[in-house]
2 protein chains.
Amino acid sequence: MTSRLSQIFEEHPGQCISGEAISQQLGLTRAAVWKQVRTLRSQGYEIEGARGEGYRLLGRPDQILKDDLFSRLSGNGLFGSFEYFPVTDSTNARAMELAERGSLHGTLVCADAQTAGRGRLGRKWVSPPAINLYLTMILRPPIEPFLAPQLTLVAAIALAQGVEDVTGLSCKLKWPNDLYIGGRKAAGILAEMAADPDCVRHVAIGIGLNVNGLDSDFPDDLRGKATSLRIESGKRHFRVDVLVAFLNRFSVAYREFLSGGFLALQPEWNRRSLLEGKRVLLRQRTEAEWGAALGVDDEGVLIFRKDGVTRSEKVHSGEIIEFER
Amino acid sequence: MTSRLSQIFEEHPGQCISGEAISQQLGLTRAAVWKQVRTLRSQGYEIEGARGEGYRLLGRPDQILKDDLFSRLSGNGLFGSFEYFPVTDSTNARAMELAERGSLHGTLVCADAQTAGRGRLGRKWVSPPAINLYLTMILRPPIEPFLAPQLTLVAAIALAQGVEDVTGLSCKLKWPNDLYIGGRKAAGILAEMAADPDCVRHVAIGIGLNVNGLDSDFPDDLRGKATSLRIESGKRHFRVDVLVAFLNRFSVAYREFLSGGFLALQPEWNRRSLLEGKRVLLRQRTEAEWGAALGVDDEGVLIFRKDGVTRSEKVHSGEIIEFER
């Protein structure tokens with residue numbers, strides 16, 4: 001119920017709204033409205049005003065609250081459950097465990113901080129509290145296991161779109177799983193799956209997005225390489241705003257993927273490619289070679305043309321460890 | 001400690017062994033030996049004899065006890081942990097959950113009964129208590145995800161070998177995951193994995209083997225199609241004996257697979273193929289077609305030649321729903 005009140009405030013930013021208007025919109029007595037205002041304040045909302053006068057929203061907490069979140073998702077019904085952890089080892093680990101225990105398609109797992117955030121290739125994802133987004137989506141897509149890696153690219157497109165919606169920043173994608181803004185990495189995506197040879201049982205698509213950190217918040221080895229929405233845009237963002245924008249974009253992209261395959265999303269991915277046509281140093285297993293990154297094909301596989309060779313090759317798994325800027 | 005005593009008995013089947021001989025072998029006092037005999041009896045061992053006389057093993061329980069099991073595994077160190085459940089939903093579900101929480105490579109998950117045993121394609125595996133083997137191995141193989149389905153075939157070979165070691169029965173394999181004896185299905189294998197696009201994080205290889213059931217123990221729809229080691233051999237078998245034989249065979253096959261790929265095991269699989277060269281009705285997705293099953297290639301993929309066509313095709317995923325006998 002408080003989510004409907006906070007929505008009214010958010011639809012009238014900075015404006016004073018009379019208690020009478022609110023009580024009419026919500027169908028509540030003035031006393032009940034007052035109680036809800038008190039509840040919102042206890043959740044961290046700064047609300048000016050007193051009984052009998054109007055109310056004005058001055059500030060809201062940078063928190064992800066289930067009711068608030070779900071009230072702002074567009075109504076396609078993909079997301080239905082929300083598991084929130086003030087701190088956990090890894091939202092992907094929690095999600096894989098929850099999925100193993102039967103959690104439904106469309107469950108969201110979110111944390112304020114991670115103690116063992118996972119990156120690709122066994123690396124850690126730096127996950128301090130309060131400033132970033134750590135989210136994993138549990139999905140049970142009706143697809144064969146070999147198609148599952150394409151979901152990483154689908155999520156990357158939606159993340160780029162969602163971040164642009166909120167911040168206006170231009171977002172690029174680095175194959176296979178990174179989001180770049182201003183030439184630096186702002187987010188990583190790690191999709192994991194549980195499958196038998198015939199079908200995917202569930203996937204956990206995890207996202208770590210740096211939202212409000214400053215350069216000083218990154219460890220030494222990441223400084224200058226990693227960035228955040230705040231560093232790039234010069235202002236703070238509400239994590240829930242970015243989350244809502246991403247989830248709404250993902251719902252659409254996911255439906256397109258299921259009906260038309262990755263083919264339907266390939267142009268959008270390639271349009272956003274950080275490395276389109278650039279020379280890159282690609283590592284596969286232990287070997288690294290320079291060549292040109294020629295975008296992804298209709299299966300999300302990287303097309304790579306090694307230097308000095310005319311024929312390009314398909315790369316299913318690998319890492320771009322350096323690239324021409 | 002009792003496992004060493006039970007081992008001594010098992011090395012001298014039906015023989016009377018003096019308390020003096022046992023106390024010397026184990027380095028224990030006669031009184032301590034007597035206490036251990038009492039412990040074994042409490043575990044279901046039938047032991048004839050009394051203090052001061054000799055002991056004779058008349059019968060042992062059809063149970064899987066950790067110490068007994070591990071003392072009989074050949075020393076390659078693949079298996080190190082054992083989780084036993086009198087009853088659980090599914091050993092694969094438990095294993096995937098344990099692995100998600102960090103259980104080690106080489107963990108065995110075993111149950112006396114399953115309430116929701118899993119088969120392929122979302123089917124149930126009939127799992128009554130006390131008479132069958134329900135086992136899942138947790139492995140963390142250093143392989144890429146697309147190779148993981150081959151582990152089903154590796155386990156199938158080892159299961160056929162292990163069952164033959166104990167029972168002398170001839171075991172055939174039906175692609176991709178069934179063990180047949182005397183033309184009927186005796187076991188199924190279900191491998192599940194958790195992976196990201198780059199690597200397998202863990203696999204759970206589950207085995208359901210019908211050991212001591214009679215025809216009357218199967219539900220109506222399986223009668224005549226399913227069999228057990230007891231039905232085929234005419235006698236009861238200790239589940240732990242079959243388990244030990246399988247695990248020892250699997251340790252060897254797994255090492256061969258890691259060093260030489262499935263190529264090293266392909267001839268053994270094809271030699272045991274139930275359907276080699278036979279006409280089969282193969283279903284892929286919704287369509288079913290008759291053709292010839294021509295064995296598996298060096299990646300464990302079924303080679304299938306559709307009726308009326310000269311060129312054979314590779315089948316990664318599918319089901320053989322009927323076959324020429």
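We name chains A, B, ... by the order of the sequence lines, and we start the count at 1 in each one. Just so it is clear, the model here is predicted, and its values are computed rather than measured.
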Open item on the list: Are the side chains of M96(A) and M96(B) in contact, using a 4.5 Å heavy-atom criterion?
Closed with: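 No, side chains not in contact.
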
Measuring from E97(B):CD to E97(A):CD, what's the distance to the nearest 0.5 Å?
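If we round to the nearest 0.5 Å, E97(B):CD and E97(A):CD are 6.0 Å apart.
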
For K278(A), does the NZ atom have more than 12 heavy-atom neighbours from other residues, nucleotides or ligands under 6.0 Å away?
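Result for NZ/K278(A): enclosed.
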
ask   = So with a 6.0 Å cut-off around CZ of R140(B), is the heavy-atom count from everything else above 12?
value =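 Yes, CZ of R140(B) has more than 12 neighbouring heavy atoms, counting only those of other groups under 6.0 Å.
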
Any idea which of P176(A), G122(A), A93(A), P197(A) has the most non-hydrogen atom pairs under 4.5 angstrom with chain B?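 Of the candidates given, the most pairs with chain B belong to P197(A).
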
* **Shortest non-hydrogen separation from D198(A) to S317(B) and the atoms involved** =>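 Closest approach of D198(A) to S317(B): OD1-OG, 3.1 Å.
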
inquiry  = Check this for me, if you would: do D196(A) and R120(B) make a salt bridge, where the nitrogen-to-carboxylate-oxygen distance has to be below 4.0 angstrom?
reply    =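 Looking at D196(A) and R120(B), the cut-off is not met.
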
Q. Ion pair present between E100(A) and R94(B), side-chain N to carboxylate O less than 4.0 angstrom?
A.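 No, E100(A) and R94(B) are not salt-bridged.
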
* Side chain, backbone, both or neither of E319(B) within contact of chain A (heavy atoms, under 4.5 Å) ->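 For E319(B), neither part sits under 4.5 Å from chain A.
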
Is it the side chain or the backbone of R118(B) that comes within 4.5 Å of chain A heavy atoms, both, or neither?
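Side chain only.
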
